[in-house]
Student: 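Encoded as structure tokens, here's the structure I'll be asking about.
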Amino acid sequence: MSLHAPEFFAELCLPFTESTVVGNTYYATPNHGGVLRLRIDFTETIHAYTYGGIRLTVVHSDRGNLDAVALSFADHGTFHRRDEAQNTSRNSSGYATFTTRYCRPGELPWQGAVVTGLRDAIEQYTAVWFPGAWNAAAPARSAGRTASQAPAPPATQRTGTRTR
């Protein structure tokens, strides 16, 4: 079954104009003309056809892989709302994962994903390797199918620090 990777990566609204999805992998050159590339893959779990996160890899065009980080769906709340609605416990093998095993044709296996936490983590990670890439190409965030508009906290509650 298909992971519907192009739709998943489109849902992330990554700002990199020099990017493409090949198979189930996202490739980008965040800094125009740079030698560093970004590759994003889905990470498999110990269960067949089940995925528990994504893996970001920074690739040098001549030297190969330089750095990689795995971002789990559980750590970034990607399926928290779905799992809570379905009463899926944290101890369950299906918690914070998606599977392609039982998907019907045309169905998105990651239906119900809220990707805001993942997108923020990707932005934080890529800011180290690709400084300024988000500022140079950042489109306005649009509401996805599963996103909800949350009111901004009052200005008096904001601190100067960034939290995850």
Side-chain angles (χ1 to χ4, degrees), residues 1-45 49-82 96-100 103 105-153 158 160-164:
M1 260 325 198
S2 173
L3 290 175
H4 294 275
E7 293 88 346
F8 182 85
F9 294 119
E11 188 80 15
L12 284 171
C13 297
L14 300 176
F16 312 124
T17 55
E18 294 182 37
S19 64
T20 190
V21 176
V22 178
N24 293 324
T25 305
Y26 176 88
Y27 296 94
T29 305
N31 291 332
H32 179 69
V35 294
L36 296 181
R37 311 287 188 259
L38 175 66
R39 181 177 68 221
I40 305 176
D41 305 290
F42 291 96
T43 58
E44 297 180 19
T45 66
Y49 310 106
T50 304
Y51 302 87
I54 57 175
R55 181 177 182 88
L56 283 66
T57 306
V58 176
V59 182
H60 188 281
S61 59
D62 294 329
R63 297 184 186 125
N65 295 353
L66 297 179
D67 191 50
V69 64
L71 304 176
S72 75
F73 295 143
D75 290 344
H76 296 89
T78 308
F79 293 105
H80 177 74
R81 206 178 298 162
R82 178 205 68 187
T97 64
F98 73 85
T99 184
T100 59
C103 284
E107 181 180 49
L108 299 175
W110 43 268
Q111 189 68 36
V114 177
V115 297
T116 307
L118 278 178
R119 186 178 194 283
D120 291 345
I122 293 168
E123 180 178 5
Q124 187 177 19
Y125 178 78
T126 56
V128 172
W129 288 97
F130 309 101
W134 283 73
N135 298 337
R141 288 191 190 188
S142 61
R145 287 185 296 275
T146 58
S148 62
Q149 296 294 332
R158 292 187 182 172
T161 60
R162 183 174 180 166
T163 60
R164 282 178 102 186

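These numbers were taken from a predicted model, which means no experiment stands behind them.
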Student: Applying salt bridge (Lys or Arg N to Asp or Glu O under 4.0 Å) as the test, list every pair that has at least one member in residues 16-25; sequence neighbours left out.
Tutor: none
Student: Distance-only, no hydrogens or angles: does the T50 side chain make a donor-acceptor pair with backbone N or O of T99 under 3.5 Å?
Tutor: no
Student: Contact between I40 and F8 at the side-chain level, heavy atoms closer than 4.5 Å - yes or no?
Tutor: no
Student: Relative to the ring of F98, is the ring of F73 parallel (under 30°), tilted (30 to 60°) or perpendicular (over 60°)?
Tutor: tilted
Student: Taking all atoms of both residues into account, what is the closest heavy-atom pair of H76 and L118, and its distance?
Tutor: CB-N, 3.9 Å
Student: Just wondering, do F9 and T25 contact through their side chains at under 4.5 Å, heavy atoms?
Tutor: no
Student: What are the two closest heavy atoms between F42 and A5, and how far apart are they?
Tutor: CE1-CB, 3.8 Å
Student: Describe, in one word, how the ring planes of Y26 and F16 are oriented to each other, choosing from parallel (under 30°), tilted (30 to 60°) and perpendicular (over 60°).
Tutor: tilted
Student: For H60, does the NE2 atom sit with more than 12 other heavy atoms under 6.0 Å from it, leaving out its own atoms?
Tutor: yes
Student: Are side-chain heavy atoms of D62 and V35 found at a separation under 4.5 Å?
Tutor: no
Student: Do V58 and R37 make a side-chain contact, defined as non-hydrogen atoms from C-beta onward lying under 4.5 Å apart?
Tutor: no
Student: Compare every heavy atom of R82 with every heavy atom of Q111, then report the nearest pair and how far apart it is.
Tutor: O-CD, 3.9 Å
Student: Looking at CD of E123 and CG of L12, how far apart are the two atoms once the value is rounded to the nearest 0.5 Å?
Tutor: 12.0 Å
Student: For a quick test of reading the model, state the closest non-hydrogen atom pair linking N31 to F130 and the distance between them.
Tutor: ND2-CA, 3.6 Å
Student: Tell me, with the steps shown, if W110 and T97 meet side-chain contact (heavy atoms from CB on, under 4.5 Å).
Tutor: CA-CA 8 Å; W110 43 268; T97 64; over 6 Å; no
Student: Would you call I122 and I54 a side-chain contact if the rule is heavy atoms closer than 4.5 Å?
Tutor: yes
Student: If you define the side chain from C-beta out and look only at heavy atoms, does anything of N24 sit under 4.5 Å from Y51?
Tutor: no
Student: State, yes or no, whether a side-chain contact exists between L3 and T100 at a heavy-atom distance under 4.5 Å.
Tutor: yes
Student: Might you point out which heavy atoms bring A68 and R55 nearest each other, and give the distance in Å?
Tutor: CB-NH2, 3.3 Å
Student: Find the distance between CG (L38) and OG1 (T57) and round it off to the nearest 0.5 Å.
Tutor: 8.0 Å
Student: Check L71 against L56 and note the closest heavy-atom contact, atom names and distance.
Tutor: CD1-CD1, 3.5 Å
Student: Does R39 have any salt bridge (Lys or Arg N to Asp or Glu O under 4.0 Å) partners at least two apart in sequence or in another chain, and if so, which?
Tutor: D41
Student: Any non-hydrogen side-chain atom of Y27 less than 4.5 Å from a side-chain atom of V21?
Tutor: no
Student: Any sub-3.5 Å donor-acceptor pair from T29's side-chain atoms to H32's backbone N or O?
Tutor: no
Student: For L66 and V59: C-alpha separation, side-chain torsions, deciding distance, then whether side-chain contact (heavy atoms from CB on, under 4.5 Å) applies.
Tutor: CA-CA 6 Å; L66 297 179; V59 182; over 6 Å; no
